[in-house]
Amino acid sequence: MRVLDGSYGDEPQPLDIVVTRHDVLDEASFRSTGVLELYEQLFPAIERDSPDDIVRWLLSDDVGEPRHFSVGGQEMSYRLDSRCFILRAAGRAIGLGFFTYDHASDLIFCNHVGIAKAWRGGGLGRAFYREMVAMLDALFPRNIGVVLEVEPFDRDRLDAIIADLERTGRPSLVADEQDAVRRLLRVSWYDKLDYSVFCDAHTMRPLVCRSPNLDPSCRDPSLPSSDWAGGEDNYWLMWQARTGAPRTELRAGQLWYKAATAIYVEILAKSLVDDDPNGRRDYWDYATALVAQTMQQTMMTDVRLARCLGDEDSALLSRWRRLAIDLPI
């Protein structure tokens, strides 16, 4: 357990951070923190995993031990260590962070980070995040950094939305406008934490990584694989090198390949197919082919790491903040 220094909330009180398989050792203790209820409040259904799957990954499957399975006669293995960090006030969850360390790549994947709405502001989110990274570095001293996905934002679309709000003075946004603005706000949050994005060096535009369909229904072997493409999504990948880590010799292009493979093959595809390698052979072929396609499309690209937000984006953020519309991210 780690105590978080500082005064946060309307009535300052001690806050602490506990982590699964270190402070929280079993399912009953994990559920009793209220972290799964917080998870449900913070993320829409389309972004959430099954609570039972989360418990299984954190406490029995992704525990740092090698796992083996075969697909079509091909032997495969992977080794993951997933941890949930729970920020508590009076023993109840007010924040969470779900991370997975991939031993094959020495990368940490940030699955989810969130703070309860009533506790946002005052820098608590950033303080919590930095404490989690420090704890991750202690748990996984070989890690070279953290990688995560963010949904791309459309600058022209945002400009049109904000201009309309400025012109009309309306105090709220419809659902698709909220989604568009949240994408910028989420990227801005990680940008403030000094994350970089993988870009095409010639255009300085972020590279797009295509994620396989992760909806549980698409992995039902009785359903047609022709429908899977409808659930795919585009993401930008963001990267933060571990502070104080020995300098890696990997170039940005090599790191791009390593990050995409770690997320979509080692962490997602292998763990999903391991549940039922015979019934999900088609899903394995589909997911790995999609990742290979992304890598093929960027093979000749000069990849660079750069700050994600430029002057135009900062101007949009300033205009958005002046509107003073409450939109939790």
Side-chain angles (χ1 to χ4, degrees), residues 36 39-57 61-62 69 71-72 76 78 80 82 98-100 102 109-114 147-154 157 174-184 186-187 190 197-198 206-238 256-257 259-298 329:
L36 291 175
Y39 176 65
E40 185 173 348
Q41 295 167 16
L42 291 176
F43 301 99
I46 194 172
E47 295 181 15
R48 296 198 304 266
D49 293 299
S50 156
D52 291 340
D53 283 342
I54 291 173
V55 169
R56 176 169 55 83
W57 292 328
D61 282 9
D62 299 350
F69 65 98
V71 174
M76 298 187 187
Y78 65 106
L80 306 176
S82 292
F98 184 6
F99 295 81
T100 298
D102 171 36
F109 175 48
C110 176
N111 297 274
H112 292 292
V113 174
V147 65
L148 56 84
E149 307 166 306
V150 290
E151 296 171 300
F153 64 81
D154 183 328
R157 168 79 170 134
V174 297
D176 68 313
E177 292 175 331
Q178 291 181 12
D179 176 68
V181 174
R182 280 194 180 105
R183 292 181 179 217
L184 173 62
R186 287 169 178 165
V187 171
Y190 288 109
V197 68
F198 292 93
L207 296 177
V208 173
C209 201
R210 190 79 172 162
S211 168
N213 190 335
L214 300 176
D215 190 299
S217 65
C218 84
R219 299 188 294 275
D220 183 342
S222 67
L223 298 177
S225 59
S226 58
D227 294 341
W228 293 349
E232 296 170 4
D233 283 304
N234 288 330
Y235 290 99
W236 295 339
L237 301 187
M238 299 188 77
W256 160 253
Y257 176 86
T261 302
I263 295 172
Y264 299 114
V265 178
E266 294 295 324
I267 295 174
L268 297 177
K270 284 188 176 180
S271 60
L272 292 170
V273 175
D274 186 21
D275 291 341
D276 182 9
N278 294 321
R280 294 181 175 170
R281 166 66 188 273
D282 288 347
Y283 183 80
W284 171 257
D285 291 342
Y286 151 76
T288 53
L290 189 61
V291 174
Q293 180 181 357
T294 297
M295 296 300 100
Q296 178 68 27
Q297 291 170 345
T298 58
I329 62 172

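Worth knowing before you read on, the calculation uses all heavy atoms, side chains too, and leaves out hydrogens, waters and symmetry mates. Bear in mind the structure is a predicted one, so any value in this text is a computation, not a measurement.
Taking each heavy atom of Val150 and Leu148 in turn, the nearest pair found is CG1-CD1, 3.6 Å. Contact record, Ala259 with Val147: CB-CG2, 3.8 Å, taken as the closest heavy-atom pair. Closest of all the heavy-atom pairs between Val197 and Pro206 is CG2-CB, 3.8 Å. Considering all non-hydrogen atoms of both residues, Phe43 and Val113 come closest at CZ-O, 3.6 Å.
Atoms OG1 and CZ, from Thr294 and Arg210 in turn, are 8.5 Å apart once rounded to the nearest 0.5 Å. Expressed to the nearest 0.5 Å, how far CZ of Arg183 lies from CG of Asp179 amounts to 4.5 Å. Summarising the geometry, atom CZ belonging to Phe198 is positioned 14.0 Å from atom OH belonging to Tyr257; distances are rounded to the nearest 0.5 Å.
You'll find the side chain of Lys270 reaches within 4.5 Å of the side chain of Trp284, heavy atoms only. Proximity of Tyr283 to Val71: side-chain heavy atoms (C-beta onward) are nowhere separated by under 4.5 Å. Side-chain contact between Met295 and Trp256: present, with at least one pair of heavy atoms (C-beta onward) separated by less than 4.5 Å. Contact of the Ile263 side chain with the Leu237 side chain is registered, since non-hydrogen atoms from C-beta on lie closer than 4.5 Å. You'll find the side chain of Tyr190 reaches within 4.5 Å of the side chain of Cys110, heavy atoms only. Residues Glu232 and Tyr286 are in side-chain contact: their nearest non-hydrogen atoms beyond the backbone lie under 4.5 Å apart. When side chains are defined from C-beta on, Tyr235 counts as touching Glu151, because their heavy atoms get closer than 4.5 Å.
Put simply, the residue from Ile267, Asp62, Thr261, Val265 that forms a side-chain contact (heavy atoms from CB on, under 4.5 Å) with Asp102 is Ile267.
At a threshold of 4.0 Å, the pair Asp176-Arg157 counts as salt-bridged, since one of the basic side-chain nitrogens sits closer than that to a carboxylate oxygen.
Counting only distance, with no hydrogens or angles, the side chain of Asn111 and the backbone of Phe98 share a donor-acceptor pair below 3.5 Å. For the pair Tyr39 (side chain) and Pro51 (backbone), a donor-acceptor distance under 3.5 Å is absent. Not one N or O on the side chain of Arg56 forms a donor-acceptor pair closer than 3.5 Å with the backbone of Asp61. Although no hydrogens or angles enter the test, the distance criterion places a donor-acceptor pair under 3.5 Å between the side chain of Glu177 and the main chain of Val174.
For the 3.5 Å distance criterion, the side chains of Trp57 and Ser271 fail to qualify, holding no donor opposite an acceptor.
Classified by interplanar angle (parallel below 30°, tilted 30° to 60°, perpendicular above 60°), the ring pair Tyr78/Phe69 is perpendicular.
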